[in-house]
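Single-structure report; data block below.
Sequence positions, counted from 1, serve as the residue numbers for this chain.
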Amino acid sequence: MIKILYFAQFREQLGIDSEQIQLPRHVHTVETLLAYLRGRGGNWTEVFGADAVVCVAVNHAMVAGQGTVAVGDEIAFFPPVTGG
């Protein structure tokens, strides 16, 4: 199992703040996890679409698309932070 946390607009658009899922066998990176979530369709495809800008932390460390994910990880998705 992995724990996924959704923050800010992602939480609002998906209507969920967290979930635990069985890590699919083909998912080993953040990129493949995003593709898996997009595959759910509907809002998932929109939120994690190819043009979406998504910040990702795995076990509280920022990672890029090729960052690895593994059983037991906590993955957080959140939008880029802007300031003014």
Cluster check [X], [Y]: I/L/V/M/F/W/Y, side chain < 4.5 angstrom:
X	Y	result
V47	Y36	yes
V63	I4	yes
V58	V54	yes

(request) Quick one: closest heavy-atom pair of C55 and P80, and the distance? (result)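 Closest approach of C55 to P80, heavy atoms only: SG-CA, 3.7 Å.
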(request) Indicate the atoms forming the closest heavy-atom contact of N43 with Q13, along with that distance. (result) ND2-O, 3.0 Å
Calculate, to the nearest 0.5 Å, the distance between atoms [atom1] and [atom2] belonging to [X] and [Y] respectively.
X	Y	atom1	atom2	result
L23	H28	CG	NE2	7.5 Å
M1	Q20	CE	CD	5.0 Å
W44	L34	CH2	CG	11.0 Å

(message) Just to verify, what does F48 make a ring-ring contact (aromatic ring centres under 6.0 Å, His included) with, not counting sequence neighbours?
(response) F10, F77
(message) Between R40 and E46, does any NZ, NE, NH1 or NH2 come within less than 4.0 Å of an OD or OE carboxylate oxygen?
(response)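 Not counted as a salt bridge, because no side-chain N and carboxylate O are separated by less than 4.0 Å.
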(request) Begin with the C-alpha distance, continue with both residues' side-chain angles, and end with the deciding distance and a verdict on side chain to side chain contact (heavy atoms under 4.5 Å, CB included) for Y6 and L37. (result) CA-CA 12 Å; Y6 304 99; L37 294 172; 4.0 Å; yes
Counting only pairs under 3.5 Å, give me each side-chain donor-acceptor contact of residues 66-75, with atom names and distances, residues two or more places apart or in other chains.
from, atom 1, to, atom 2, distance (Å)
Q66, NE2, E31, OE1, 2.9
D73, OD1, N59, ND2, 2.8
D73, OD2, A70, N, 2.7
E74, OE2, H60, NE2, 3.3

(request) Output all residues satisfying side-chain contact (heavy atoms from CB on, under 4.5 Å) with A57, sequence neighbours left out; order by chain, then residue number. (result) M62, A76, F78
(request) Tell me, please, which residues at least two apart from T32 pass side-chain contact (heavy atoms from CB on, under 4.5 Å). (result) V27, T29
(request) Check salt bridge (charged side-chain N to carboxylate O under 4.0 Å, His left out) between R11 and all other residues, then give those that pass, not counting sequence neighbours. (result)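 By the salt bridge (charged side-chain N to carboxylate O under 4.0 Å, His left out) rule, R11 matches no residue at all.
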(message) Applying side-chain hydrogen bond (donor to acceptor under 3.5 Å, both in side chains), can you list everything that pairs with R38, at least two apart in sequence or on another chain?
(response)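 None.
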